[in-house]
Number of protein chains: 2
Amino acid sequence: MKAPASAPTPGSVAEPPEPRWLTDDEQRVWRSFMEGVTLLDDHLDRQLQRDAGMPHVYYGLLVKLAEAPRRRLRMTELAMLAKITRSRLSHAIARLEKNGWVRREDCPDDKRGQFAVLTNEGYEVLRQTAPGHVEAVRQAVFDRLTPEQQKSLGEIMRIIAEGLQPAEAGADLPWLR
Amino acid sequence: MKAPASAPTPGSVAEPPEPRWLTDDEQRVWRSFMEGVTLLDDHLDRQLQRDAGMPHVYYGLLVKLAEAPRRRLRMTELAMLAKITRSRLSHAIARLEKNGWVRREDCPDDKRGQFAVLTNEGYEVLRQTAPGHVEAVRQAVFDRLTPEQQKSLGEIMRIIAEGLQPAEAGADLPWLR
DNA sequence: GGCCCCTCCTTGAACTTTAAACAAATGCCC
DNA sequence: GGGCATTTGTTTAAAGTTCAAGGAGGGGCC
């Protein structure tokens, strides 16, 4: 009599299923991914800290504001765009406000609401530091990849991003915590 | 008379070169990348904080130690493998030591040196939490990508990672700071 | 209106990371 | 050996992030 084909769980006792370990190939991919992300994060944070006096995330917030109509966004909306928690955003905006780059405004429609508004000074910082930042991103990423790789990277990361923010209610999304 | 073909710098005054802005396609790629990375980082940090009581980076340190001969590594070597600064590593190991998951040992050959050694308790934590972590990584990444995309992602991120740690002396690498 | 639940945003404490400075040991050059 | 730059790792303080809690307003339901 042959052993069952789907074998590794013997006996009648309930056992945890054997974890689906990563293959060697998958491990190599995952390691490259983590190393690349870690180094890139470090690199861009450092570049922006040096040239713009703020971390990458904060810079990203100013960019979102600059692109928004009337250069303003509700806090939760901004948190959602930046994929961060509202708490983190509150602290970040507080610091950017202290720098004079952002100002808060009450929302007339909803007294709980706050707008974060990009100031002229904030816009000016962005204008002056954007070229250096773009250049850093180019050097580190786009200049090294073929057009096919760029396209592929975009698709892959979009899939991952969308997978982590499912449409269903009850998803554990940072800006809803 | 026609304008020069490579035109945008007029007159004889030296001007900064027009920055090489990202095209719309490139911007979309870059945004997907940042969003995916931000959400993934958040997701894994949260999963590990909940199930293993430590952030993703700390978990990664334990993994590196588990894979090393005699489950130990010199501090700088570990920082290099994890792509982080020695300062950050010092703090991290201090905390892991407080948890009893890592222990420090003097290096006999170099009195400045320290080994970080994975304890049996640390190994045990790893053994118990690894399946959950692998599962999270699978769900978020590998299960969503075709084999071609996985391969592509590996190549792309390896290129980026290598680009950020050039062989030349004087490179600004975290573990040399 | 009164009640309850939910959303919006902030706060303070604990924790993690960065930045700068430092002590000790090494290694090199003479 | 003596001097000096470099390497190794830690430490302190400041900055940033997470976590849990909470105040205040909105909105539905009775």
Side-chain angles (χ1 to χ4, degrees), chain A residues 38 41-50 52-61 73-80 82-99 102 104-116 169-170 172-177, chain B residues 38 41-50 52-61 72-80 82-99 102 104-117 169-170 172-177:
Chain A
T38 305
D41 244 28
D42 175 86
H43 185 66
L44 296 180
D45 261 341
R46 222 161 144 74
Q47 185 265 323
L48 282 171
Q49 195 67 58
R50 174 165 52 78
M54 67 188 129
H56 189 196
V57 180
Y58 289 25
Y59 181 90
L61 296 176
L73 285 168
R74 288 286 296 271
M75 293 295 281
T76 298
E77 175 75 0
L78 182 48
M80 190 170 346
K83 312 300 173 192
I84 64 178
T85 63
R86 283 174 293 184
S87 171
R88 186 178 181 179
L89 179 61
S90 267
H91 290 295
I93 292 294
R95 131 75 140 111
L96 292 170
E97 201 172 19
K98 209 171 289 178
N99 281 301
V102 168
R104 284 181 217 251
E105 264 184 41
D106 289 342
C107 173
D109 307 338
D110 185 340
K111 286 181 188 162
R112 296 167 302 178
Q114 288 278 106
F115 281 106
D172 176 36
L173 300 171
W175 54 93
L176 300 181
R177 297 213 272 259
Chain B
T38 305
D41 244 28
D42 175 85
H43 185 66
L44 296 181
D45 260 341
R46 223 161 144 72
Q47 186 264 324
L48 282 171
Q49 193 67 58
R50 174 166 53 79
M54 65 188 130
H56 190 195
V57 181
Y58 289 26
Y59 181 89
L61 297 176
R72 72 194 57 211
L73 286 167
R74 287 287 297 270
M75 294 296 280
T76 298
E77 176 75 0
L78 181 49
M80 189 169 348
K83 313 299 174 193
I84 64 179
T85 63
R86 283 171 296 179
S87 172
R88 187 178 182 181
L89 180 61
S90 266
H91 291 295
I93 292 295
R95 134 67 141 117
L96 292 170
E97 200 172 19
K98 209 170 290 178
N99 282 306
V102 168
R104 285 182 218 252
E105 264 184 41
D106 291 341
C107 174
D109 306 339
D110 184 340
K111 287 180 189 162
R112 297 167 301 178
Q114 288 276 103
F115 282 106
V117 186
D172 177 36
L173 300 171
W175 54 92
L176 301 180
R177 295 215 273 261

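In the text below, chain A, chain B and the rest are named by the order of the sequence lines, each starting its count at 1. Hydrogens, waters and symmetry mates are skipped; everything else that's a heavy atom, side chains included, is used.
Remark: P of C:dC9 and CD of A:E97 are 14 Å apart, rounded to the nearest angstrom. A:E77 has its CD atom 15 Å from the C1' atom of C:dC9, to the nearest Å. Summarising the geometry, the separation between CG on B:L89 and P on C:dT16 is reported as 14 Å, rounded to the nearest angstrom. Here the P atom of nucleotide C:dT18 and the CH2 atom of B:W175 are 14 Å apart, to the nearest Å. Between the NZ atom of B:K111 and the P atom of C:dT26 there is a distance of 6 Å, given to the nearest Å. Between the P atom of C:dA24 and the CG atom of B:D109 lies a distance of 21 Å, rounded to the nearest Å. Here the P atom of nucleotide C:dC8 and the CG atom of A:D106 are 16 Å apart, to the nearest Å. Rounded to whole Å, atom P of C:dT7 lies 13 Å from atom CG of A:L173.
Within the 4.0 angstrom heavy-atom criterion, no nucleotide atom of any strand lies near B:R50. B:T76 comes within 4.0 angstrom of sugar-phosphate atoms only, judged by non-hydrogen atoms across all strands, and of no base. As judged by a 4.0 angstrom heavy-atom cut-off over every strand, A:D45 is placed among residues making no nucleic acid contact. Within 4.0 Å of B:Y58, counting heavy atoms only, lie sugar-phosphate atoms of the nucleic acid but no base atom.
Considering only side-chain atoms of B:P55, the nucleotide from C:dT18, C:dT11, C:dT16 that sits closest is C:dT16. Taking the side chain of A:R86 as heavy atoms from C-beta on, and the options C:dA19, C:dA25, C:dT10, the nearest nucleotide is C:dT10. In the set C:dG12, C:dA25, C:dC9, C:dA25 carries the atom at the smallest distance from any side-chain atom of B:D110.
With sequence neighbours left out, the side chain to side chain donor-acceptor pair (under 3.5 Å) criterion links B:D172 to A:R46, B:R177.
When each of A:S90 and A:R46 is assigned the nucleotide of DNA chain C with its nearest heavy atom, A:S90 is the one assigned upstream, toward the 5' end. Projected onto DNA chain D by closest heavy-atom contact, B:R104 and B:R112 fall at different nucleotides, the more 5' of which corresponds to B:R112.
B:V117 places none of its side-chain heavy atoms less than 4.5 Å from the side chain of B:R104. For the pair B:N99/B:M54, no side-chain contact is recorded, criterion being any heavy-atom separation below 4.5 Å from C-beta on. Under the 4.5 Å side-chain criterion, counting only non-hydrogen atoms from C-beta, B:M75 is in contact with B:I93.
Between A:H56 and A:D45, the closest heavy-atom pair is N-OD1, 2.7 Å. Here the closest heavy-atom approach between residue A:A79 and residue A:L89 is recorded as N-CD2, 3.6 Å. The two residues B:F115 and B:R72 come nearest to each other via the heavy atoms CD2-CG, 3.8 Å.
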Both distances under 3.5 Å, Watson-Crick or G-U wobble: on that basis, could you give the dot-bracket string for DNA chain D, with [ ] for crossing pairs and | for other-strand partners?
-> ||||||||||||||||||||||||||||||

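Distance check: A:D41 CG to A:H43 NE2 gives 11.5 Å after rounding to the nearest 0.5 Å. For the atom pair NZ (B:K83) and CG (B:L173), the distance works out to 8.5 Å, reported to the nearest 0.5 Å. Separating the CD1 atom in A:I84 from the OG1 atom in B:T38 is a distance of 9.0 Å, to the nearest 0.5 Å.
Here chain A contacts DNA chain D (any atom closer than 4.0 Å to a heavy atom, that is under 4.0 Å), and the contacts span D:dG16 to D:dG26 from 5' to 3'.
Contact of B:T85 with C:dA19 (side chain to base): no donor-acceptor pair of N or O atoms is detected under 3.5 Å. Looking at B:R88, its side chain has no donor and acceptor atom pair within 3.5 Å of the base of C:dT18.
Regarding contacts with the backbone of C:dC15, every side-chain N or O of B:R95 stays at 4.0 angstrom or more from both OP1 and OP2.
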